[in-house]
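When reading the values below, keep in mind they use all heavy atoms of this one structure, side chains included, and skip hydrogens, waters and symmetry mates. By convention in this document, chain letters (A, B, ...) are assigned in the order of the sequence lines, proteins followed by strands, and residues within each chain are numbered from 1.
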There are 2 protein chains.
Amino acid sequence: MENKKKILIADDEPDILEILKFNLEADGFVVETAKDGNSAIEKAKSFLPDLIILDIMMPGKNGIEVCNILRQTPLFKNTLIIFLTAISDDASEVKGLESGADDYLTKPIRPKVLISKVNALFRRIPIDNSKKIQIGDLRIDRERFIIVYKSEEIILARKEFELLALLASKPGKVFLRNEILNSIWGTEVIVGDRTIDVHIRKIRQKLNLDCITTVKGVGYKFEL
Amino acid sequence: MENKKKILIADDEPDILEILKFNLEADGFVVETAKDGNSAIEKAKSFLPDLIILDIMMPGKNGIEVCNILRQTPLFKNTLIIFLTAISDDASEVKGLESGADDYLTKPIRPKVLISKVNALFRRIPIDNSKKIQIGDLRIDRERFIIVYKSEEIILARKEFELLALLASKPGKVFLRNEILNSIWGTEVIVGDRTIDVHIRKIRQKLNLDCITTVKGVGYKFEL
DNA sequence: TTATTTTATTATCAAATTGTTAAGCAAGGT
DNA sequence: ACCTTGCTTAACAATTTGATAATAAAATAA
């Protein structure tokens, strides 16, 4: 099950980023980092993490502002958010939690404790990524039937969606025309060969991305 | 709001119990207390709290033992548990979280922070039978068959209500027409396809809100 | 190079799907 | 019995989708 949870860390201190990244990766998480508030939001949109660890004091937007912005975005309504900070006065802790965060940790960082907390949260909030495919900046969500490329939603018709999802399910693999026909149209229905081409063309057009390669005489493959 | 959340506090220091009880009750929770591990388990069984706050050092069974026992009981598999303690070394904190707790607070107690944490946890876990759904400004109360949008009550017929509640139970997820038919009409009854559309239309009309999206050839999804 | 095969592109049309409205029925209340 | 309400359906409009044919372009083989 290639279903590792994704964590985004935003902090302006490189040391902290490194320590956290190292420890979380050692525990089997996929980690990305950002070094200020604005890039955290950008990264979040492209990376779509399951959990975001936000330092409160950062250049640009501070952690609480970032949290508020994220919580207003439907995509991040349910994303877990943990604040991380040196400030440990009650008022700001309360403020942080009330802005929609799920937990609040104070520095100095104790990696083991952080990991326990992260696991405790994931234990509670089961996140199902099984119907999601992500390749680079392209995300395919079978459950929601949406395709997002660099935080921009692309609308595909059903057959187009299924075709892209099929190809993207195994990036690099060449799908024979027969395989494609069987997977998407089944063995009952019979359609002409040009039909596939036309759908491929529409996907290429809508994605406006050079990601589907033709292997002449064989089939097509997806590769970013 | 009939549905006050119930909290059980277990600690051997009467002062702590009193402070916590006072603050939590002031915030609208129903609180019971226990003064050692064994009575905590007893109280839990009769009181059936939504959240248990456990001191680690207690006579009889300590907090971690209590937590382990509770977690082995199906009844308390999903009950929220917060540890409370004067010990703040990493190892015991990790141990506490790994024994199945959801959070770990160190003394001295800061009531405001505690309450924020409690609320953050309840925000995540829809304890009461998931009878209530809240998405943005839209509230759906399955128990009372009431829909409220921005403090304005909207009256839906039963089928409309069930349909909306179904879609809203997993915002973003596309429900296939078949899924919808099975969930709301069951496998026995067979109704025409237009029936769903008509109900969808009525919901859209009554809510006057662009929240139900058609995914042609697939189904419908709710998204605010 | 030329011929042949395979794929790309485009426009078009038929089929499938959904939206909308009105009307019929059944159940419950007055 | 009458009225109201909710559910379903029929009928039609509007829209979207998918498949194909026709033609161009590209790759491959002879």
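For Arg177(A), the side-chain atoms get nearest to dT7(C) when compared with the rest of dT8(D), dT18(C), dT7(C). Listed nucleotides: dT17(D), dT9(C), dC7(D). Nearest to the side chain of Lys159(B): dC7(D).
A cation-pi contact, defined as under 6.0 Å to the ring centre and within 45° of the axis, links Lys6(A) to Phe47(A). Note that Lys173(B) lies in the cation-pi zone of Phe175(B), set by a 6.0 Å cut-off to the ring centre and a 45° limit from the axis.
For Asp210(A), the CG atom sits in a loose shell: 12 or fewer heavy atoms of surrounding residues, nucleotides or ligands are nearer than 6.0 Å.
Side-chain contact between Val218(B) and Phe161(A): absent, with no pair of heavy atoms (C-beta onward) separated by less than 4.5 Å. Counting only heavy atoms from C-beta outward, the side chains of Leu176(B) and Ile180(B) never approach each other to under 4.5 Å. The side-chain heavy atoms of Ile212(B) and Ile203(B), taken from C-beta on, include a pair separated by under 4.5 Å.
Atom-to-atom, CZ of Arg201(B) to P of dA14(D) comes out at 14 Å; the value is rounded to the nearest Å. With rounding to whole Å, Leu164(A) atom CG is found 14 Å from dG18(D) atom P.
Listed pair Arg158(B) / dT5(D) fails the phosphate criterion, with no side-chain N or O lying under 4.0 Å from OP1 or OP2. Side-chain nitrogen and oxygen atoms of Thr195(A) include none within less than 4.0 Å of the OP1 or OP2 phosphate oxygen of dG18(D). Phosphate contact (OP1/OP2 of dG19(C), side-chain N/O of Arg204(B), threshold under 4.0 Å): present. For the pair Tyr220(B) and dT17(C), the criterion of a side-chain N or O lying under 4.0 Å from OP1 or OP2 is not met. The phosphate of dT17(D) has neither OP1 nor OP2 within less than 4.0 Å of any side-chain N or O from His199(A).
End-to-end axis angle of the helix from dT1(C)-dA30(D) to dT30(C)-dA1(D), from C1' rotation axes over five pairs per end: 20° (rounded to 10 degrees).
Tested against Phe222(B), the residues Thr213(B), Leu138(B), Leu166(B) include a single side-chain contact (heavy atoms from CB on, under 4.5 Å) partner, Leu138(B).
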In 5'-to-3' order, the base (B), backbone-only (S) or no-contact (-) status of each nucleotide in nucleotides 24-30 of chain D, using a 4.0 angstrom heavy-atom cut-off, is --BS---

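Contact check on Glu223(B) versus Arg144(A) returns a salt bridge, with a Lys/Arg side-chain nitrogen under 4.0 Å from an Asp/Glu carboxylate oxygen. Arg142(B) has no carboxylate O lying under 4.0 Å from a charged side-chain N of Glu162(B), or vice versa, which leaves the two without a salt bridge. For the pair Arg123(B) and Asp102(A), the salt-bridge criterion is not met [side-chain N within less than 4.0 Å of a carboxylate O].
Residues from residues 184-193 of chain A placing a heavy atom under 4.0 Å of any atom in DNA chain D, listed by number, are Trp185(A), Val191(A), Gly192(A).
Mapped onto DNA chain C by nearest heavy atom, Gly217(B) and Gln205(B) fall at different nucleotides, with Gly217(B) at the one closer to the 5' end. When each of Ile155(B) and Ile196(B) is assigned the nucleotide of DNA chain D bearing its nearest heavy atom, the one mapping closer to the 5' terminus is Ile155(B).
Using a 4.0 Å heavy-atom cutoff across all strands shown, Thr214(A) reaches sugar-phosphate atoms only and no base atom.
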- Determine, stepwise, if the pair Tyr104(A) / Ser92(A) fulfils side chain to side chain donor-acceptor pair (under 3.5 Å). CA-CA 10 Å; Tyr104(A) 193 106; Ser92(A) 73; 3.1 Å; yes

May I have the step-by-step check of side chain to side chain donor-acceptor pair (under 3.5 Å) for Thr214(A) and Arg204(A), ending in yes or no? CA-CA 11 Å; Thr214(A) 305; Arg204(A) 283 174 171 156; 2.8 Å; yes

